[in-house]
Structure formats: structure tokens, C-alpha cells
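Quick caveat: nothing in here was measured; it's all calculated off a predicted structure.
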Amino acid sequence: MAFPEPKPRGPELPQKRLKTLECGQGAVRAVRFNVDGNYCLTCGSDKTLKLWNPLRGTLLRTYSGHGYEVLDAAGSFDNSSLCSGGGDKAVVLWDVASGQVVRKFRGHAGKVNTVQFNEEATVILSGSIDSSIRCWDCRSRRHDPVQKLEEARDGISSVKVSDHEVLAGSVDGRVRRYDLRMGQLFSDYVGSPITCTCFSRDGQCTLVSSLDSKLRLLDKDTGELLGEYTGHKNQEYKLDCCLSERDTHIVSCSEDGKVFFWDLVEGVLALTLQVGPGVVQSLAYHPTEPCLLTAMGGSIHCWREEAYKAESDTG
């Protein structure tokens with residue numbers, strides 16, 4: 001007699017607040033995991049960038065070199081470099097181990113909202129309120145960008161990069177996807193200023209959040225609207241959104257102190273996390289585990305699934 005297969009367990013969501021870290025860098029403008037999820041970066045209004053082990057709550061290094069608040073940062077695939085952008089209009093390449101500035105790229109006419117490495121970490125892409133995306137070669141001594149993407153009619157709020165594509169969200173209400181292999185540009189009109197956009201982990205879809213308090217899931221190739229997610233509040237701030245580590249849930253910050261999780265397929269609200277009394281400025285989702293980082297005011301919070309047991313710090 002064959003026993004029935006056990007039902008696969010549903011995805012666990014991070015809902016247990018494991019740690020709160022007071023970052024000591026003014027307001028935390030963004031929190032970002034590194035590539036393998038072992039460390040995170042926090043971008044401060046005090047012009048600093050900090051590297052943490054979020055599960056242990058330990059500060060590993062502080063990076064100083066921006067002239068104004070840091071608005072975004074990203075780590076390279078091999079964890080040897082960081083890039084950051086900020087209110088001083090500069091894009092900075094850092095050496096992780098030494099904490100030193102390797103290069104400082106200037107050329108944007110306004111603050112830099114968003115930065116990303118390409119897959120090989122040979123190029124930094126930066127998006128600015130000056131309506132342009134600029135591509136900077138990390139290896140050459142050139143001071144000017146190797147490429148400029150200037151199709152947007154208003155500020156760039158979000159840039160994401162896959163192996164051959166650049167996804168950009170703009171305040172002009174359009175999400176643009178540049179296919180670098182084909183040399184083509186695809187544009188989808190959302191109609192409301194876009195605050196964040198990202199690829200699903202399987203690369204089939206794009207998620208777009210905008211200032212009409214809506215998230216939209218689009219088919220990457222056709223632009224078809226696959227789902228809409230509402231309930232959160234996003235009317236005036238640039239807030240992050242993302243997908244969970246297995247693409248099962250849509251996750252978004254909210255201006256009312258919460259983080260919202262929706263079931264991707266059903267579209268129903270699955271979980272609301274009360275983070276605190278302010279605006280949830282930023283969030284980051286672990287690449288492989290149900291672990292979430294949220295930023296509010298001057299602190300970040302680390303969330304895990306209910307069943308998670310913290311390893312002892314002596315282990």
C-alpha cells in the first residue's frame with residue numbers, strides 16, 4: 001500500500017522580530033542585503049554607509065566619503081566591492097575590506113536615487129533625479145560614463161539589472177526595460193509616478209510600485225497586467241517593494257508603519273507586519289531564506305519566520 005505524498009508546506013513568512021539595530025547614522029535611507037544574504041548595508045542621512053551582520057547585530061565597517069546623505073548602495077557578486085549614490089550627485093566605488101574609496105564618479109546633475117552593479121561588477125549603473133541612467137566603467141580611469149540612457153522624461157527612481165537587461169522606473173509613470181542583447185527598449189505606462197521596480201526571481205515578471213498606493217505585476221515580455229495589490233499606503237515617499245525568496249509573495253513598505261505581504265497568485269493580503277509608528281523607508285528580502293530587513297527612522301529590524309531558532313552567538 002502506497003502512502004499519500006505529504007502535502008508540501010506552504011511558504012513561511014518572516015513575522016518574528018528577531019533584532020533591532022540602532023544604526024547611529026541619522027535616518028536610514030536604504031537597507032540592502034549583500035549577494036548571499038550574510039551581510040547588509042545601511043545608507044545614512046549622516047553621509048555614511050555601514051556594513052553589518054544583521055542576525056548577530058554586529059557592525060563590521062563604516063564607509064565615509066559622500067558629501068551628503070547616502071540614498072542607495074549595492075554589493076558586488078564577489079563581495080569585494082560596494083557602490084553607493086547619494087544627495088551629493090556622486091557615485092562611489094568602495095573597497096569592502098579596506099573601507100577606502102576606489103573611484104568617485106561625477107556627472108549627474110541631481111541626486112542619485114539608485115545604484116546597481118552589472119553581473120560581473122565591471123560597470124555601475126546609476127539613476128538620478130536628472131532623468132538619466134549612467135553607466136560607469138569600474139576598471140577604466142575615464143571620468144565620463146560609458147553610456148547614458150536618457151529616455152525618461154522625469155527623475156529615475158529605481159534601476160535593476162539582470163544579465164542582459166536594465167529595468168528602470170521613473171517619476172514620469174513609465175517602466176522601461178532595455179534589452180542590451182537585442183538593443184531594444186520596451187516601455188510600459190503605469191500612469192502614476194513609479195517608486196520602485198524589480199524583476200521576479202524567475203525573471204518572467206516585473207513588479208512596479210507607484211504613488212497611487214498600488215503594486216502591479218507585469219509580464220516582462222508582453223507588459224500584460226498579471227496582478228494588482230493594494231491595501232498599503234504609498235502617496236509621497238519613494239518606498240521599496242520586492243518578491244519573497246521563492247516568488248510566492250509580493251512585499252511592500254507602507255507609509256503607515258507597516259509591511260504588507262500579498263499572495264502573488266491569489267492577490268489576497270497574507271500578512272501585515274507592524275514595524276513601528278513612522279514610514280517604513282526601505283526593505284530588503286534575503287535571497288534564499290524567509291528573512292526580511294526593514295528600515296524605519298534610525299534603526300533597522302531583522303524579521304524571521306516563527307519557527308526560526310537563533311544560533312547561539314558562541315556557536
Side-chain angles (χ1 to χ4, degrees), residues 11-15 28-43 54 71-75 113-117 127 157-162 165-169 175 177 190 194-211 213-220 226-234 237-255 258-265 267 269-273 275 279-296 300-305:
E12 293 186 277
L13 295 176
Q15 49 191 306
V28 177
R29 296 301 184 206
V31 59
R32 303 286 179 246
F33 270 115
N34 75 325
V35 63
D36 50 25
N38 293 333
Y39 305 105
C40 75
L41 295 162
T42 53
C43 303
L71 296 173
D72 195 18
N113 281 325
T114 176
V115 290
Q116 287 276 291
F117 282 108
S157 56
S158 177
V159 170
K160 296 292 190 304
V161 184
S162 75
E165 294 172 310
V166 177
L167 185 69
V175 55
R177 180 169 60 88
V190 168
I194 291 170
T195 57
C196 184
T197 181
C198 57
F199 292 106
S200 59
R201 302 205 186 242
D202 67 8
Q204 303 296 305
C205 307
T206 57
L207 180 64
V208 183
S209 70
S210 49
L211 289 182
S213 298
K214 271 187 191 169
L215 292 150
R216 293 168 177 87
L217 188 69
L218 306 177
D219 181 291
K220 189 186 80 176
L226 302 175
E228 277 196 353
Y229 309 86
T230 56
H232 66 303
K233 184 179 178 209
N234 186 9
Y237 292 94
K238 175 179 150 4
L239 301 184
D240 290 333
C241 65
C242 65
L243 289 96
S244 61
E245 86 281 9
R246 291 195 284 168
D247 276 348
T248 56
H249 288 79
I250 305 281
V251 191
S252 175
C253 296
S254 182
E255 291 167 9
K258 301 185 183 94
V259 170
F260 286 73
F261 292 77
W262 296 266
D263 183 289
L264 179 139
V265 178
L269 194 59
L271 174 67
T272 311
L273 281 185
V275 179
V279 175
V280 184
Q281 257 316 117
S282 180
L283 59 76
Y285 213 100
H286 193 284
T288 56
E289 294 173 26
C291 176
L292 174 74
L293 299 176
T294 55
M296 177 180 285
I300 62 168
H301 312 272
C302 181
W303 307 79
R304 291 293 313 221
E305 71 277 24

Q) Would you say Thr197's side chain and Ala168's backbone share a donor-acceptor pair under 3.5 angstrom? A) no

Q | Residues Thr195, Asn234; criterion side chain to side chain donor-acceptor pair (under 3.5 Å); working and verdict | A | CA-CA 9 Å; Thr195 57; Asn234 186 9; 3.2 Å; yes

(Q) Determine whether Phe261 and Leu292 satisfy the following criterion, side chain to side chain contact (heavy atoms under 4.5 Å, CB included), listing intermediate values before the conclusion. (A) CA-CA 11 Å; Phe261 292 77; Leu292 174 74; 3.9 Å; yes

Q: For Arg177 and Glu165, indicate whether the former's side chain and the latter's backbone hold a donor-acceptor pair under 3.5 Å.
A: no

Q | From Cys302, Ser282, Pro14, residue fulfilling side chain to side chain contact (heavy atoms under 4.5 Å, CB included) relative to Leu293 | A | Cys302

Q: To the nearest 0.5 Å, tell me how far Leu167 CG sits from Cys198 SG.
A: 8.0 Å

Q: Keeping the roles fixed (side chain from Glu255, backbone from Tyr237), state whether a donor-acceptor pair exists under 3.5 Å.
A: yes

Q: Indicate the atoms forming the closest heavy-atom contact of Cys196 with Lys160, along with that distance.
A: SG-NZ, 4.2 Å

Q: Nearest 0.5 Å please: distance from the CD atom of Glu289 over to the CZ atom of Arg246.
A: 11.5 Å

**Q.** Distance (rounded to the nearest 0.5 Å) between Trp303 CH2 and Leu13 CG
**A.** 12.5 Å

(Q) Counting C-beta onward and ignoring hydrogens, is there a side-chain heavy-atom pair between Phe33 and Cys291 closer than 4.5 Å? (A) yes

(Q) Set out, in order, the CA-CA distance, both residues' side-chain angles and the distance that settles side chain to side chain contact (heavy atoms under 4.5 Å, CB included) for Leu243 and Ile250, then state yes or no. (A) CA-CA 5 Å; Leu243 289 96; Ile250 305 281; 4.1 Å; yes

Q: Scan Lys258, Gln15, His249 and name whichever one has a side chain to side chain contact (heavy atoms under 4.5 Å, CB included) with Leu271.
A: Gln15

Q) Looking only at heavy atoms, which two atoms of Arg32 and Ala284 are closest? And how far apart? A) CA-CB, 4.0 Å

Q: State, to 0.1 Å, how close Leu218 and Leu226 come at their nearest heavy-atom pair, and which atoms those are.
A: C-CD1, 4.0 Å

Q) What is the minimum heavy-atom distance between Leu239 and Val280, and which atoms define it? A) CD2-O, 3.4 Å

Q. What closest approach, in Å, do Asp36 and Pro287 show between heavy atoms, and which atom pair accounts for it?
A. C-CG, 3.7 Å

Q | From Phe260 atom CZ to Cys253 atom SG, the distance as rounded to the nearest 0.5 Å | A | 11.0 Å

**Q.** Exam field: side chain Asn34 to backbone Gly75, donor-acceptor pair closer than 3.5 Å
**A.** no

Q | Any donor-acceptor N/O pair, Tyr229 side chain to Leu264 backbone, under 3.5 Å | A | yes

Q.
Given 3.5 Å as the limit, does a donor-acceptor pair link the side chain of Asp72 with the main chain of Val115, or not?
A. yes

**Q.** Partner residues of Ser200 under the side-chain hydrogen bond (donor to acceptor under 3.5 Å, both in side chains) criterion, sequence neighbours left out
**A.** Asp202

Q | Exam field: side chain Asp240 to backbone Leu283, donor-acceptor pair closer than 3.5 Å | A | yes

Q) Heavy-atom distance under 4.5 Å between the side chains of Thr294 and Leu273, does that happen here? A) no

Q | Over 12 foreign heavy atoms within 6.0 Å of OH, Tyr39 | A | no

Q: Decide yes or no for Gln116 and Val166: does some side-chain heavy atom of the first lie under 4.5 Å from some side-chain heavy atom of the second?
A: no

Q) Lys214 versus Thr230: any side-chain heavy-atom pair under 4.5 Å? A) yes

Q. Is there a donor-acceptor pair closer than 3.5 Å between any side-chain N or O of Trp262 and the backbone N or O of Glu228?
A. no

Q. Which atom names give the shortest non-hydrogen contact between Ser157 and Ile194, and what distance separates them?
A. OG-O, 2.6 Å

Q: Find the distance between SG (Cys40) and NE2 (His286) and round it off to the nearest 0.5 Å.
A: 10.5 Å

Q) Taking the side chain from Lys220 and the backbone from Gly203, do they hold a donor-acceptor pair closer than 3.5 Å? A) yes

Q) Are any side-chain N or O atoms of Arg216 and backbone N or O atoms of Thr206, one a donor and one an acceptor, separated by less than 3.5 Å? A) no

Q: Mind checking the OH-SG spacing from Tyr285 to Cys242? Nearest 0.5 Å is all I need.
A: 7.5 Å

Q.
Salt bridge check, Arg304 against Glu12: does any charged N sit closer than 4.0 Å to a carboxylate O?
A. no

